[in-house]
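Comments concern the structure below.
Indexing begins at 1, ligand by ligand and atom by atom, following the structure's order. Atom set for the values below is all heavy atoms of this structure, side chains included, hydrogens, waters and symmetry mates excluded.
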Amino acid sequence: MGSVSSAAGPTAVCAEAPSAPVMAALKERTFIAVKPDGVQRGIIGEIIKRFEQKGFKLVGMKMVQASEDLLMQHYIDLKERPFFPTLINYMSSGPVVAMVWEGKGAVKTGRVMLGETDPAKSSPGTIRGDYCIDVGKNIIHGSDSVESANKEISLWFKDEELVTYTSCAFSWLY
Ligand code: IDP
Ligand code: MG
């Protein structure tokens, strides 16, 4: 008979507690938002499902009718682009679902899960590849670097809106 893992997790494989830098890497956070078209088209649940099933941990979530001011700060790097006014109008056209997901490589893997900015260039199996057609209605936002994730999280969430807890799946994921 081989060894049997307990319901609490495969402790025999993970006898030592991870070092502080390893733990920090497992707590990387990304800002994900279901855009107004994703909300209106009923794709919120599918997006949450994909991040949950991947193994990322949800540490913050709320519905927001974003102000123009918030959106202009969020997209400040794009303010000179010709589509900027349309983008602000699109993003303020209805509520968005703002979320923070945590886990190893959450930023980079999150972007892979989203697909390309242009849904037409996004592979099937990605969120944009599966659920939308047009670059101006691409249903989801995801941070493009750890630095922008930190900026976006602090723009959209107060510290007390983010929770700290241990997921029972942790030792089965890492
Ligand atoms: P990203 O969302 O994949 O990071 P960005 O280049 O940061 O892409 O652009 C932000 C958002 O601006 C896009 O998700 C999309 O909604 C919109 N956008 C980008 N390029 C265009 C365009 O050429 N026409 C219209 N909207 C665009
Ligand atoms: Mg971007």
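Looking at Thr117 next to ligand 1, an N or O pair under 3.5 Å apart turns up. Residue-to-ligand polar distances place Lys35 within reach of ligand 1: an N/O pair is separated by less than 3.5 Å.
Contacts of Lys137 with ligand 1, taken as heavy-atom pairs under 4.0 Å, are absent altogether. By the criterion of a heavy-atom distance under 4.0 Å, the side chain of Arg128, and not its backbone, is placed next to ligand 1. Under 4.0 Å from ligand 1, heavy atoms of Val135 appear from its side chain as well as its backbone.
Ring geometry for Phe51 versus Phe56: interplanar angle of 30 to 60°, hence tilted.
Side-chain atoms of Arg29 never come within 3.5 Å of backbone atoms of Asn150 as a donor-acceptor pair (strictly under, hydrogens ignored).
Nearest residue to atom 4 (O) of ligand 1 from Arg111, Met91, His141, Arg81 is Arg111 (criterion: closest heavy atom).
Taking CE of Met113 as the reference point, atom CH2 of Trp101 lies at 8.5 Å (rounded to 0.5 Å). Between the CD1 atom of Ile32 and the OG atom of Ser143 there is a distance of 6.0 Å, given to the nearest 0.5 Å. Residue Lys104 holds its NZ atom at 6.5 Å from CG of Leu26, rounded to the nearest 0.5 Å.
Between the side chains of Ser148 and Ser145, a donor-acceptor pair is found at a separation under 3.5 Å.
Each of the following atoms of ligand 1 lies closer than 4.0 Å to a heavy atom of Tyr75: 10 (C). Interface of Leu78 with ligand 1, defined as ligand atoms under 4.0 Å from a residue heavy atom, comprises 7 (O), 9 (O), 10 (C).
From the protein, the heavy atom lying nearest to atom 13 (C) of ligand 1 is Asn138 ND2, 3.5 Å. Atom 18 (N) of ligand 1 has Phe83 CE1, 3.5 Å as its closest protein atom, hydrogens excluded (heavy atom only). Protein heavy atom closest to atom 17 (C) of ligand 1, with residue, atom name and distance, is Leu87 CD1, 3.8 Å.
Every residue meeting the side chain to side chain donor-acceptor pair (under 3.5 Å) condition with Glu46, not counting sequence neighbours, appears here in chain and number order: Arg50, Tyr131. For Ser92, there are no side chain to side chain donor-acceptor pair (under 3.5 Å) partners at least two apart in sequence or on another chain.
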